[in-house]
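Please read all numbers here as calculations on a predicted model, not as lab measurements.
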Amino acid sequence: MQNSRSTNAEGIDVSRYQGSINWRKVRADGKSFAFVKASQGQSYVDPTFEANVQGAKEAGVLIGAYHFLDAASASAARLEARHFSEVLERVGGAAALELPPVMDYENNPTGLSKSAINSVAMAFLTELEKVTGRRPIIYSGNSFAANFDASLSLYKLWIARYSTKPPYDTPAWKQWDIWQYTDNGRVDGIAGAVDLNVYNGTEAELREEFAKGGGDEEPMTNEEKAAFQALQQQVAALQASHSMPVPEWAKEAVAAAVAYNPQQPLLDVNGATSYDMYRLIVVMHRMGLFNKK
């Protein structure tokens, strides 16, 4: 694989082990991106996840989240993907983060075959993309990544090799997108050691690659309008069900739905609202259905 360059964007990845982080100092120390641990297995949530996301965003650090995979079967992997997605909803969902969600798959405690490892990985990745609408990144160590076959090469690679020498080629990848090159870095704003990473490009290129929105939207086709009207009817039906206040993770989508057509609003915020309705509004928002034409 390729070596790093002096112009590569620099970043970190953190979890509860880094404690309370001063993200403004991290940004001032030249770190432009970060991945924070969100979850593990089918139930664990990193207690610093939400604070880290908020702090990084306020400091102007591009932020992403990762899930540590424990699954030993495809069915368990899909459950873990759903758990990860639910944890992401605490900060507005995967669409609220600049960087894609990450599958951290780096060990094999149950002794799975290579075929089974690939089956588990693909089950997690496809389920996560289905429920979040974003294509994930794969994180792994250089040695463990040798288990992944070419079917996973369509996913971007974040690889760990703690060395001044670049990672070596694997069956699925001949280059890295992000390289974690040490687990013993020092960064202002963090007490103790932290993982250091570089992106295969400049900070400007990183921001451009993962920029959200931008560009002119095409007007709705007649088919899209019909589908939108059908969704309006579903929303109306859902609003008639069990009432609940607007959850934090749905506020942005609800505001967009209300503002889409003030003369004939899609959503009556004063009416009965339900969890299912909020989920639908969030999905519609992520699909760009509330974008102004």
message = Within this structure, what is the CD1-CG distance for the pair I117 and N107, rounded to the nearest 0.5 Å?
response = 9.5 Å
query = Can you tell me if R135 uses its side chain to pair, donor with acceptor, with the backbone of Y155 under 3.5 Å?
reply = no
task = For the pair N142 (side chain) and Y168 (backbone), establish whether a donor and an acceptor sit closer than 3.5 Å, ignoring hydrogens and angles.
result = yes
ask   = So do L206 and L99 actually touch side chain to side chain, heavy atoms under 4.5 Å?
value = yes
query = Does E80 reach the main-chain N or O of A71 with its side chain, forming a donor-acceptor pair under 3.5 Å?
reply = yes
inquiry  = Between D29 (side chain only) and D188 (backbone N and O only), is there a donor and an acceptor less than 3.5 Å apart?
reply    = yes
ask   = Hey, mind stepping through F210 and L62 against side chain to side chain contact (heavy atoms under 4.5 Å, CB included) and telling me if it holds?
value = CA-CA 9 Å; F210 295 110; L62 296 177; 5.9 Å; no
ask   = Can you find a side-chain donor-acceptor pair between T182 and N184 that sits under 3.5 Å?
value = no
query = Is the closest side-chain heavy-atom distance between I178 and F33 below 4.5 Å?
reply = yes
task = Go through D104 and E106 one step at a time and tell me if the side chain to side chain contact (heavy atoms under 4.5 Å, CB included) criterion holds.
result = CA-CA 6 Å; D104 178 347; E106 57 182 271; 2.5 Å; yes
ask   = When you look at V187 and L196, which way does the side chain to side chain contact (heavy atoms under 4.5 Å, CB included) test go after all the steps?
value = CA-CA 9 Å; V187 175; L196 299 182; 3.6 Å; yes
request  = Would you check if there is a donor-acceptor pair between the side chains of S113 and S115 at a distance under 3.5 Å?
outcome  = no
inquiry  = Just so I know, are the side chains of M1 and L157 near enough to count as touching, which here means a heavy-atom distance under 4.5 Å?
reply    = yes
ask   = Hey, does the side chain of S153 reach the backbone of W173 with a donor-acceptor pair shorter than 3.5 angstrom?
value = no
message = Taking S15's backbone N and O only, do any of them form a donor-acceptor pair with Q18's side chain (distance below 3.5 Å, no angle check)?
response = yes
query = Is the backbone N or O of K31 less than 3.5 Å from a side-chain atom of E10, with the two atoms forming a donor-acceptor pair by type?
reply = no
ask   = Which pairs pass ring pair (Phe, Tyr, Trp, His ring centres under 6.0 Å) with one or both residues in residues 41-62, sequence neighbours excluded?
value = none
key: Any side-chain heavy-atom pair of Q54 and E58 under 4.5 Å   = yes
key: Side-chain donor-acceptor pair present, Q180, D13, cut-off under 3.5 Å   = yes
inquiry  = Are the side chains of P136 and L125 in contact, using a 4.5 Å heavy-atom criterion?
reply    = yes
inquiry  = With heavy-atom distances below 4.5 Å as the criterion, would you say the side chains of S151 and M122 are in contact?
reply    = yes
ask   = Hey, is the main chain of A94 close enough, under 3.5 Å, to the side chain of R134 for a donor-acceptor pair?
value = yes
ask   = Thinking salt bridges, do E203 and R207 make one under a 4.0 Å N-O criterion?
value = yes
task = Decide yes or no for Y139 and Y66: does some side-chain heavy atom of the first lie under 4.5 Å from some side-chain heavy atom of the second?
result = no
query = Taking it one step at a time, do L97 and V53 satisfy side chain to side chain contact (heavy atoms under 4.5 Å, CB included)?
reply = CA-CA 8 Å; L97 306 182; V53 170; 3.8 Å; yes
request  = State, yes or no, whether a side-chain contact exists between K37 and Y17 at a heavy-atom distance under 4.5 Å.
outcome  = no
query = Taking the side chain from N118 and the backbone from N147, do they hold a donor-acceptor pair closer than 3.5 Å?
reply = yes
request  = Give, for atom OH of Y105 and atom CG of D70, the distance between the pair rounded to the nearest 0.5 Å.
outcome  = 10.0 Å
Among W158, Y181, W176, side chain to side chain donor-acceptor pair (under 3.5 Å) partner for N197 = W158
